[in-house]
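The shown structure was predicted, so the numbers you read here are calculated from the model rather than taken from an experiment.
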Amino acid sequence: MPIAALIITGDWRGFSSNICDVLFTVLICCVVASLAVNGFGPNAKEPVLLLITLAAYPAARLSGKLFKLDGLILVICFVVAVATAATIRDLIAQWDDSHGKPFVFGLFDAAPTQFATAMSFGVLAAASQPLTVRRGLFISGAAALPTIVFAASVVRFSLYAMLLTLAVGAIVGKREQRKPVLIIVCVLLAAVVAGMAARSRTTLVFLDRFLTSAGLESVSAEDLRSPSSIPFDHGKLRTPTVPVLSCEPIDIDNSLAIRIQLYKDATRLLGWAGFAGLGLDGFAAVTCVTGHPAHNSYLQTIIEIGWPGGIAFLLLTVFAFGPGRVSLTSPELRFAGLGLLFAVLTSVVYGRLSRDIALFLFLGLAAGVPRCGIPNPARS
């Protein structure tokens, strides 16, 4: 497995621990304690996925010096080209479907979001390199068509997070980088608008759902359905006390309404987390929208792993950013900061702890920078 190979062949001799590594170790200890208290959860594959996800941190932490942007950009370009072609085919075939999001290969409606996330990392990597106006126009031109396609596929927050991350990089970055990066932001913002306008009917449907969820429009009674709620599975999640959530009817075709319900449930469950949490996938078992994770890795960690683990995770993220992370002069280090910001933004909306491998990769990359909370004497 690539992650294991990166850990084994990593720079162990040059390794010198810092506050980020200490906080990550605390998080690992909390995960182990939670699994010991609550069991491995109802889904046997989730602990394995969690192990792989957490292993991404030491893999990136130990192998950061081998990281080169050129190879990453080429791989992402190939992946996004294939992904865009596949999405265009199914988007055209499902142009007027009420679901809105095309099922790529007839199966995966989340695929455009994943493709857009990959493209975002590619754009951030390209924007982290030394730029001229001409290069900025080339990057934005290359990313324009995929952005239009993914925006038309009702991908929203991933694209917004990419634009916000680029804007932050332009503001705090080197002065000579600002104009080319702002050109990329403007062109891709126009591409997002073009993609939404191309499917104006679908865009208006999702806008109406947004306004409804925000309380600016009323929803008809026939659209409201009671989200299913099942009792906690004590046989697999040995939690002594379990809250019973009161569930109000919601429009379950409205993804924003579902997320709002999930965040409400998460807020109500924070006080029940305790030292070891409700156990892995414990939130999905008790939320009003049964089977759904919290869609926020930080909330999920507090609720399922416990408050000590959640606090360690939050502090790890704070210290990983460190001072001036996105304004570093090295393209690789600059990408580590921008990539971490993008990963954190998407994690608070889409995140699931056992699948948030990108977040832990960038936490590991950023932790290797000699300004993670305290200086790293081995690399200063």
Side-chain angles (χ1 to χ4, degrees), residues 2-3 5-6 56 59-60 63-88 111-151 155 158-170 173-174 176-189 191-192 325-346 357-366 368-369:
I3 289 180
L6 288 173
S63 306
K65 292 197 298 185
L66 303 176
F67 178 66
K68 299 298 179 184
L69 285 182
D70 291 341
L72 175 68
I73 293 172
L74 288 174
V75 171
I76 290 179
C77 285
F78 174 77
V79 171
V80 171
V82 174
T84 302
T87 304
I88 289 174
T113 300
Q114 303 300 326
F115 297 155
T117 299
M119 180 197 71
S120 298
F121 283 123
V123 172
L124 293 174
S128 298
Q129 296 183 317
L131 294 179
T132 61
V133 170
R134 178 177 296 181
R135 187 176 177 86
L137 289 170
F138 176 80
I139 293 169
S140 55
L145 176 60
T147 301
I148 292 172
V149 171
F150 299 142
V155 175
S158 293
L159 297 176
Y160 303 154
M162 174 188 68
L163 295 174
L164 177 59
T165 303
L166 286 169
V168 170
K174 298 169 64 176
E176 58 269 24
Q177 292 277 107
R178 290 177 186 172
K179 186 175 181 179
V181 173
L182 288 175
I183 288 173
I184 297 174
V185 171
C186 292
V187 172
L188 295 187
L189 177 59
V192 170
R325 182 72 67 226
V326 295
S327 60
L328 292 169
T329 54
S330 164
E332 286 77 16
L333 298 184
R334 180 176 167 82
F335 176 61
L338 292 176
L340 177 58
L341 176 58
F342 177 78
V344 169
L345 289 173
T346 54
I357 191 168
L359 177 57
F360 282 92
L361 277 170
F362 280 97
L363 284 170
L365 278 176
V369 179

Applying side chain to side chain contact (heavy atoms under 4.5 Å, CB included), name anything that partners Ala86, two or more places apart in sequence or on another chain. Val104, Phe105
Interatomic distance, Ser120 atom OG to Leu338 atom CG [nearest 0.5 angstrom]: 12.0 Å
Distance in Å, Leu164 CG paired with Leu345 CG, rounded so as to fall on 0.5 Å steps: 5.5 Å
Would you say that Arg334 contacts Gln177 through its side chain, given a criterion of any heavy-atom pair below 4.5 Å between the two side chains? yes
Evaluate the side-chain proximity of Leu69 to Glu332: yes if any heavy-atom separation is below 4.5 Å, no if none is. yes
Can you measure from CD (Glu176) to OG1 (Thr132) and round to the nearest 0.5 angstrom? 12.0 Å
Do Met119 and Leu159 come close enough that some side-chain heavy atom pair is under 4.5 Å? yes
Return the minimal non-hydrogen interatomic distance between Ala336 and Phe362, and the atom names on each side. O-CD2, 3.7 Å
Return the CG to CZ distance between Leu365 and Phe335, rounded to the nearest 0.5 Å. 8.0 Å
Heavy-atom side-chain contact between Thr84 and Phe150 under 4.5 Å: yes
Just list the side-chain donor-acceptor pairs under 3.5 Å for residues 136-143, sequence neighbours left out, or say none.
| from | atom 1 | to | atom 2 | distance (Å) |
| --- | --- | --- | --- | --- |
| Ser140 | OG | Gly136 | O | 2.9 |
| Ser140 | OG | Leu137 | O | 3.0 |

In short, Ala126 meets Leu131 closest at the heavy-atom pair O-CD2, 3.6 Å
If every non-hydrogen atom of Ala118 is compared with every non-hydrogen atom of Ile76, which pair is closest and at what distance? O-CG2, 3.3 Å
Counterpart residues, side chain to side chain donor-acceptor pair (under 3.5 Å), relative to Gln114 (two or more places apart): none
Test side chain to side chain contact (heavy atoms under 4.5 Å, CB included) applied to Ala83 - qualifying residues, sequence neighbours left out: Phe115
Contact summary for Gly122 and Ile73, nearest pair of heavy atoms: O-CG1, 4.5 Å
d(Leu163 CG, Phe342 CZ) to nearest 0.5 Å is 9.5 Å
Can you give each donor-acceptor pair under 3.5 Å made by side-chain atoms of residues 182-189, sequence neighbours left out, with the distance rounded to 0.1 Å?
none

Quick one, Ile3 and Ile357 - any side-chain contact, counting heavy atoms below 4.5 Å? yes
Nearest heavy-atom pair of Val181 and Ala127: which atoms, and what distance? CG2-O, 4.3 Å
Is there a donor-acceptor pair closer than 3.5 Å between any side-chain N or O of Thr346 and the backbone N or O of Ala343? yes
Can you list every pair that meets side-chain hydrogen bond (donor to acceptor under 3.5 Å, both in side chains) and has a residue in residues 69-82, with sequence neighbours left out? Asp70-Gln129
For the residue pair Ala151 and Val192, what are the closest heavy atoms and their distance? CB-O, 3.6 Å
